[in-house]
Chemist: 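There's a structure below that I have some questions on.
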2 protein chains.
Amino acid sequence: MQRMTRQRAAVGELLADTDDFRSAQQLHEMLREAGHSVGLATVYRTMQTLAENGDVDVLRNAEGESLYRRCRKQVHHHHLVCRDCGRTVELDAAIVEHWAAEVGQAHGFVDVEHTAELFGTCAQCARRGSHDA
Amino acid sequence: MQRMTRQRAAVGELLADTDDFRSAQQLHEMLREAGHSVGLATVYRTMQTLAENGDVDVLRNAEGESLYRRCRKQVHHHHLVCRDCGRTVELDAAIVEHWAAEVGQAHGFVDVEHTAELFGTCAQCARRGSHDA
DNA sequence: ATGTGCATGGGAACCATTCTCACTTGCGGT
DNA sequence: ACCGCAAGTGAGAATGGTTCCCATGCACAT
Ligand SMILES: [Mn+2]
Ligand SMILES: [Mn+2]
Ligand SMILES: [Zn+2]
Ligand SMILES: [Zn+2]
């Protein structure tokens with residue numbers, strides 16, 4: 001019931017080549033530049049489906065936009081993301097997992113989920129940024 | 001240069017009485033019900049200013065809406081929030097602070113900020129929820 | 001090759017938030 | 001108390017990311 005279409009193939013190929021977090025609109029533009037023709041609505045739909053299936057990770061930047069990325073790890077993890085270029089480091093954070101579970105239980109909450117993301121400026125962007133100014 | 005207006009007084013009073021995270025629209029409605037007349041745009045502006053001054057904390061729920069709350073602690077902290085009723089527990093998380101700082105430095109990132117929020121269903125809402133269904 | 005129903009895409013709709021701008025008002029100065 | 005004016009307000013328009021609609025396209029089982 002899940003069909004392989006030209007559009008989905010193009011998105012999949014793009015995600016394989018990209019290891020920074022990107023917005024749906026950025027992905028759409030990248031597809032256009034690569035010569036593929038894929039509707040914006042289709043990009044949104046595709047990313048949503050991939051996210052639901054756990055095939056991509058989603059996070060929201062400070063502006064509230066959703067950013068997507070195909071991660072190496074399939075299991076739950078967190079990220080350190082460059083707010084300038086999207087460069088991403090995948091993180092294990094057993095400490096954070098324990099903390100979240102303990103705190104939730106201690107206060108009688110159930111179905112506890114957590115978000116924990118780090119945003120910074122990567123070394124390369126920091127170097128580039130110090131040139132001007 | 002910061003003037004005390006009827007509207008800001010009303011918002012301040014409301015925030016003092018509320019200790020759950022609330023959206024600007026919810027606050028606007030609560031003001032209306034309390035008999036105050038405050039424009040929605042003013043609520044947004046006021047919350048934005050309060051947030052910039054660190055007088056309220058802001059976080060985004062799963063739907064991407066901004067939620068506001070006047071916290072007891074003035075210093076940096078995190079939250080455990082009921083996704084149904086907004087009930088909130090303020091959290092110290094020295095472990096998370098250390099983790100964030102270490103990880104950022106280890107990967108050469110600078111100006112590292114972090115988000116870490118827990119969302120769950122509070123005991124009361126869990127009890128209420130189990131009645132129906 | 002054909003049929004069926006999932007997939008696509010362009011534009012409209014949605015919705016939280018911000019902007020605009022004419023009007024109001026707090027408040028320092030007199 | 002009275003002025004003057006910059007800060008504040010609010011109703012509606014604009015914004016912008018995302019979702020919805022629906023006529024058309026196309027993957028794929030038979
Ligand atoms: Mn985790
Ligand atoms: Mn922290
Ligand atoms: Zn970078
Ligand atoms: Zn609750």
Side-chain angles (χ1 to χ4, degrees), chain A residues 1-15 20-53 55-69 81 83 86 115 117 119, chain B residues 1-15 20-53 55-69 81 83 86 115 117 119:
Chain A
M1 91 174 26
Q2 176 83 328
R3 295 178 184 173
M4 181 50 51
T5 65
R6 171 177 64 76
Q7 292 85 344
R8 286 176 184 168
V11 170
E13 188 181 336
L14 175 58
L15 289 174
D20 303 336
F21 271 95
R22 295 269 114 100
S23 70
Q25 312 226 22
Q26 285 178 319
L27 294 171
H28 178 246
E29 179 58 24
M30 292 167 80
L31 286 169
R32 169 171 302 290
E33 287 173 359
H36 292 104
S37 172
V38 181
L40 180 57
T42 297
V43 175
Y44 274 107
R45 264 187 309 242
T46 301
M47 298 318 297
Q48 187 172 290
T49 301
L50 289 173
E52 285 168 1
N53 296 354
D55 294 323
V56 298
D57 281 9
V58 194
L59 58 82
R60 308 253 188 159
N61 65 14
E63 286 70 45
E65 284 180 301
S66 291
L67 304 182
Y68 305 91
R69 176 178 192 265
V81 184
R83 64 171 71 85
T115 65
E117 307 292 344
F119 294 93
Chain B
M1 97 172 20
Q2 175 85 328
R3 296 179 184 172
M4 181 50 51
T5 64
R6 170 178 63 78
Q7 292 85 343
R8 285 176 183 165
V11 170
E13 189 181 337
L14 174 58
L15 289 174
D20 303 337
F21 270 95
R22 294 270 115 98
S23 69
Q25 312 226 24
Q26 285 179 319
L27 293 170
H28 178 246
E29 180 57 25
M30 293 168 79
L31 286 168
R32 168 172 302 291
E33 287 172 2
H36 292 104
S37 172
V38 182
L40 179 57
T42 297
V43 175
Y44 273 108
R45 265 187 308 243
T46 302
M47 298 318 296
Q48 188 172 289
T49 300
L50 289 173
E52 284 167 2
N53 296 355
D55 294 324
V56 298
D57 281 8
V58 194
L59 58 81
R60 308 255 190 158
N61 65 15
E63 286 71 45
E65 284 181 303
S66 291
L67 304 183
Y68 304 90
R69 176 178 192 264
V81 183
R83 64 171 71 84
T115 65
E117 308 292 345
F119 295 93

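Computed from a predicted structure; not experimentally measured. Side chains included, hydrogens not; waters and symmetry mates left out as well; all remaining heavy atoms used. Order of the sequence lines sets the chain letters (A, B, ...), proteins ahead of strands, with each chain counted from 1.
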Chemist: Specify the separation, in whole Å, of atom CG of B:Leu40 and atom P of C:dA16.
Modeler: 10 Å

Chemist: Looking only at heavy atoms, which two atoms of A:Ala10 and A:Val38 are closest? And how far apart?
Modeler: CB-CG2, 4.4 Å

Chemist: With sequence neighbours excluded, what pairs up with A:Arg22 under the salt bridge (Lys or Arg N to Asp or Glu O under 4.0 Å) test?
Modeler: A:Asp20

Chemist: Not counting sequence neighbours, which residues clear side-chain contact (heavy atoms from CB on, under 4.5 Å) with B:Arg32? List them please.
Modeler: B:His28, B:Glu29

Chemist: State which residue, out of A:Val56, A:Val58, A:Asp57, fulfils the side chain to side chain contact (heavy atoms under 4.5 Å, CB included) condition with A:Leu50.
Modeler: A:Val56

Chemist: Identify, residue by residue, the members of residues 22-38 of chain A with a heavy atom below 4.0 Å from DNA chain D, and return them in order of residue number, or none.
Modeler: A:Gln25

Chemist: Kindly give the heavy-atom pair with the smallest separation between A:Val81 and A:Phe21, and that separation in Å.
Modeler: CG2-CD1, 4.0 Å

Chemist: Between A:Arg6 and A:Ser37 (side chain of the first, backbone of the second, donor and acceptor by atom type, cut-off under 3.5 Å), is there such a pair?
Modeler: yes

Chemist: To the nearest 0.5 Å, what is the distance between CZ (B:Arg45) and CD (B:Gln7)?
Modeler: 9.5 Å

Chemist: Looking at B:Tyr44, does any N or O in its side chain come under 4.0 Å of the phosphate oxygens OP1/OP2 on C:dT18?
Modeler: no

Chemist: Does B:Arg6 or B:Gln48 map to a spot on DNA chain C nearer the 5' end, using the closest nucleotide for each?
Modeler: B:Gln48

Chemist: Does A:Arg8 have any salt bridge (Lys or Arg N to Asp or Glu O under 4.0 Å) partners at least two apart in sequence or in another chain, and if so, which?
Modeler: none

Chemist: Please state how far atom CE in A:Met47 lies from atom C1' in D:dT19, giving the value in whole angstrom units.
Modeler: 16 Å

Chemist: Detail all sub-3.5 Å separations between protein N/O atoms and N/O atoms belonging to nucleotides 6-8 of chain D.
Modeler:
unit_1	atom_1	unit_2	atom_2	d
D:dA6	N3	B:Arg3	NH1	3.2
D:dA6	N3	B:Arg3	NH2	2.8
D:dA7	O4'	B:Arg3	NH2	3.3
D:dA7	O3'	B:Met1	O	3.2
D:dA7	N3	B:Arg3	NH1	3.1
D:dG8	OP1	B:Gln2	OE1	3.1
D:dG8	OP1	B:Arg8	NH1	2.7
D:dG8	OP1	B:Arg8	NH2	3.0

Chemist: For the backbone of A:Ala62 and the side chain of B:Arg60, can you confirm whether one donor and one acceptor N or O come within less than 3.5 Å of each other?
Modeler: yes

Chemist: Could you walk me through whether A:Phe119 and A:Leu59 satisfy the side chain to side chain contact (heavy atoms under 4.5 Å, CB included) test, starting with their C-alpha distance in whole Å, then the side-chain angles of each, then the deciding distance to 0.1 Å, before giving a yes or no?
Modeler: CA-CA 11 Å; A:Phe119 294 93; A:Leu59 58 82; 3.9 Å; yes

Chemist: Check DNA chain D against residues 55-66 of chain A and give the residues with a non-hydrogen atom under 4.0 Å, in numerical order.
Modeler: A:Glu65, A:Ser66

